[in-house]
Protein chains: 2
Amino acid sequence: MRADAVNAIEVLRAEGRRITTARRTIIELLGETPDHLTAEDIAAHVHAAHPEVHMSTVYRTLESLETWGLVEHFHHGHGAAFFHLSASHPHAVCAECGRVLDVPAREFMPLVDHVRDAYGFELDVAHNALIGRCLEHAPSAH
Amino acid sequence: MRADAVNAIEVLRAEGRRITTARRTIIELLGETPDHLTAEDIAAHVHAAHPEVHMSTVYRTLESLETWGLVEHFHHGHGAAFFHLSASHPHAVCAECGRVLDVPAREFMPLVDHVRDAYGFELDVAHNALIGRCLEHAPSAH
DNA sequence: GTTCTTGCAAAAGCTTTGCAGGAAG
DNA sequence: CTTCCTGCAAAGCTTTTGCAAGAAC
């Protein structure tokens, strides 16, 4: 189990939350994969080991973990949201192939600072993915 | 009727598309409001004058107009997409009050250029809104 | 008249909720 | 044993689709 996941379980324990099958399994899964998973992806993986875990439990678990700051999700327009262990940074999703690019938060800092100064708006660049096209699918790349 | 809307109707006519009640009404509505409307908002306005226009017609009309480059939509995470006459620029939506800030595209150009150079990814900053908090709801403003 | 568009109804995709039984501590 | 969590079923919200009737040109 990766350090992220161990830590998340520790946090649960420290705060007196119950460590259930769904919670442990989902945290382990999110800790093991570098990918960005939808609730359905997560349910599929969980079912492989624990077929009794219901979809609604997956959603409720993700919601709880997010409330406690252990998990985050982001949207990319059409389709389901993506979930991952907390580690706020922006994402860019290719409109053609769905590939997700993790962008370090620092790349957005000048923009965030500028928008704050000029418009009085504090951007949370991690909550919604930006849509675009990756190298292979860029309009200029053919 | 605003110039944008007149122009959009002209384009339809010039391309030999049919000018139907739904199309004309929706274009006029989008031309008249500075707001960003959901399909449901649009249907409500259209119904006021033309109660027979069905929700599915609203969606199909918006889809067609978008295909022809006259309308655009963007997403802001949870909830319905927003539609407006074409005029690509990024949006920032306040997570607290839902207020939408229009951001000139030029503000994003340095970021877009940098991400293209550094990551080979062409961002389309207009398709997904960025989430954040406006002046009154910023974490630091209380 | 011919072709494109619409109204209706039904369903699809993602997510939330009420409730009663069950597990964690 | 008490409180919190879960399974199930049902529904909610946004959006899409098939089809036959209807409107635009």
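These numbers come from the heavy atoms of this one structure, side chains and all, not from hydrogens, waters or symmetry mates. Just so we're on the same page: letters track the sequence lines, and every chain starts at 1.
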field: Min side-chain heavy-atom separation B/Leu30-B/Val71 under 4.5 Å
entry: yes
- request: Send over the distance from B/Phe83 CZ to D/dT14 C1', rounded to a whole Å.
  value: 10 Å
- request: Can you tell me the distance, in whole Å, between the NE2 atom of B/His75 and the P atom of C/dT15?
  value: 13 Å
- request: Look at the aromatic rings of A/Phe82 and A/His76 and report parallel, tilted or perpendicular, splitting at 30° and 60°.
  value: parallel
field: hbond_proxy A/Thr61 side chain to D/dC5 base (donor-acceptor, 3.5 Å cutoff)
entry: no
field: Closest-nucleotide ordering on DNA chain C, the 5'-leading residue of B/Pro51 and B/Arg17
entry: B/Arg17
field: B/Arg23 side chain, from C-beta outward: closest of D/dT15, C/dT5, C/dG25
entry: C/dT5
field: Rounded interatomic separation in angstrom, taking CZ from A/Arg24 and P from C/dA23
entry: 14 Å
- prompt: Is the distance from OP1 or OP2 of D/dT15 to the nearest side-chain N or O of B/Tyr59 less than 4.0 Å?
  reply: yes
- prompt: In whole Å, what is the span from the CD1 atom of A/Ile19 to the P atom of D/dC4?
  reply: 15 Å
message: Please confirm whether the shortest side-chain N or O distance from A/Arg60 to OP1 or OP2 of C/dT16 is below 4.0 Å.
response: no
field: For atom CG of A/Asp41 and atom P of C/dG13, their distance in whole Å
entry: 15 Å
task: Count the heavy atoms of every other residue, nucleotide or ligand shown that sit under 6.0 Å from CZ of B/Arg99, and state whether that count exceeds 12.
output: no
- request: Mind calculating the distance between CE (A/Met55) and P (D/dG7) to the nearest angstrom?
  value: 12 Å
statement: By nearest-nucleotide position on DNA chain D, the 5'-leaning member of A/Ala22 and B/Glu40 is A/Ala22
query: When you match B/Arg18 and B/Glu52 each to their closest nucleotide on DNA chain C, which lands nearer the 5' end?
result: B/Arg18
A/His91 and A/His84 aromatic ring geometry - parallel, tilted or perpendicular at 30°/60° bounds: perpendicular
task: Show your working on side chain to side chain contact (heavy atoms under 4.5 Å, CB included) between B/Asn128 and B/Phe74 and close with a plain yes or no.
output: CA-CA 5 Å; B/Asn128 271 16; B/Phe74 64 93; 5.9 Å; no
Side chains of B/Leu101 and B/Val103 in contact at under 4.5 Å (non-hydrogen atoms): yes
- request: Let me know the distance between CG of A/Leu12 and P of D/dC5, rounded to the nearest Å.
  value: 10 Å
message: With a 4.5 Å cut-off on side-chain heavy atoms, are A/Thr61 and A/Tyr59 touching?
response: no
task: Measure from the side-chain heavy atoms of B/Ser56 and tell me the nearest of D/dC25, D/dG7, C/dG7.
output: C/dG7
message: If you compare all heavy atoms of B/Gly98 against all heavy atoms of B/Val93, which two are closest, and at what distance to 0.1 Å?
response: O-CG1, 4.0 Å
message: Just N and O in the side chain of A/Thr20: are any of them under 4.0 Å from OP1 or OP2 of D/dC5?
response: no
- prompt: What is the nucleic acid contact for B/Glu63, judged by heavy atoms within less than 4.0 Å: base, sugar-phosphate only, or nothing?
  reply: nothing
query: In whole Å, what is the span from the NE2 atom of B/His54 to the P atom of D/dT14?
result: 15 Å
query: Out of D/dT15, D/dC8, C/dG7, which nucleotide sits closest to the side chain of B/Val53?
result: C/dG7
- line: The bend of the helix from C/dG1-D/dC25 to C/dG25-D/dC1, taken between the axes of its five terminal pairs at each end and rounded to 10°, is 30°
